[in-house]
Amino acid sequence: QVRLVESGGGLVQPGGSLRLSCLTSGSIFGRNAWGWYRQAPGKERELVAHITRGGSRNYAESVKGRFTISRDNAKNTVYLEMNSLKPEDTAVYYCNFPGFEYPYWGQGTQVTVSS
């Protein structure tokens, strides 16, 4: 079975930084992209960043220039480096595979940006 385990969230002040990790296990053969999503209270889940097998990166306009997605294939881990955090970034962050989403999402990791 595929398992998705997100970690690294927490409470941070505006302007601060966090690095999120997504550890994947099980068979993920056939996935050609890894992504980070977030869902704020009362809002739909949105894709904020993804990286392809070829290394191409894409970001939502709301996070472009502040977030960086990367992966370590040897560790089966995808990272999201978040800098210059804003209160609007407050959400539960999840990982999954854009274009071939695994139907059972992880618990996510809470990111709260507040003074």
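Cluster membership check: Leu23 does not share its hydrophobic cluster with Ile51, using side-chain heavy-atom separations under 4.5 Å among Ile, Leu, Val, Met, Phe, Trp and Tyr. Hydrophobic cluster membership differs between Val2 and Val5, with clusters built from Ile, Leu, Val, Met, Phe, Trp and Tyr side chains linked at under 4.5 angstrom. Under a hydrophobic clustering in which Ile, Leu, Val, Met, Phe, Trp and Tyr are joined whenever their side-chain heavy atoms come within less than 4.5 Å, directly or via other members, Tyr59 and Phe97 fall into the same cluster. The hydrophobic clustering, which links ILVMFWY residues whose side-chain heavy atoms are closer than 4.5 Å, places Val48 and Leu20 together. Note on Val12 and Tyr79: separate hydrophobic clusters, where clusters join Ile, Leu, Val, Met, Phe, Trp and Tyr whose side-chain heavy atoms are under 4.5 Å apart, directly or indirectly.
Residues Gly35 and Pro98 share a closest heavy-atom pair of N-CD, 3.5 Å. Ala33 and His50 get closest at one heavy-atom pair: CB-CD2, 4.4 Å. Here the closest non-hydrogen pair linking Lys86 and Val113 is O-CB, 3.2 Å. Across Gly54 and Arg71, no two heavy atoms sit closer than the pair N-NH2, 4.4 Å. Between Trp36 and Ile69, the shortest heavy-atom distance links the atoms CD1-CD1, 3.7 Å. Nearest approach of Gly9 to Thr109, heavy atoms of both residues: N-OG1, 2.9 Å.
The shortest distance between side-chain heavy atoms of Met82 and Asp89 does not fall below 4.5 Å. Considering only heavy atoms from C-beta on, Tyr37 comes within 4.5 Å of Glu101 through its side chain. Contact check for Tyr104 versus Arg3: no side-chain heavy atoms found under the 4.5 Å cut-off. With contacts defined as side-chain heavy-atom distances shorter than 4.5 Å, the pair Asn96/Tyr94 does not qualify. Here the side chains of Thr90 and Gln110 are in contact, with some heavy-atom distance below 4.5 Å. You'll find the side chain of Val78 stays beyond 4.5 Å of the side chain of Cys95, heavy atoms only.
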Q) Stepwise, does the side-chain contact (heavy atoms from CB on, under 4.5 Å) test hold for Ser21 with Lys75? A) CA-CA 11 Å; Ser21 298; Lys75 296 181 179 179; over 6 Å; no
Q: Go through the steps for Gln13 and Leu85 under the test side-chain contact (heavy atoms from CB on, under 4.5 Å), then give the verdict.
A: CA-CA 8 Å; Gln13 294 184 338; Leu85 284 162; over 6 Å; no
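Using modelled atom types, one side-chain atom of Thr24 and one backbone atom of Asn76 make a donor-acceptor pair closer than 3.5 Å.
For Gln107, the CD atom is loosely surrounded, since the number of other residues' heavy atoms within 6.0 Å does not exceed 12.
For the atom pair Glu46 CD and Gln39 CD, the distance stands at 9.5 Å (nearest 0.5 Å). Distance check: Asn58 CG to Leu47 CG gives 9.0 Å after rounding to the nearest 0.5 Å.
Ring orientation note: the planes of Tyr93 and Phe67 are tilted relative to one another, at an angle of 30° to 60°.
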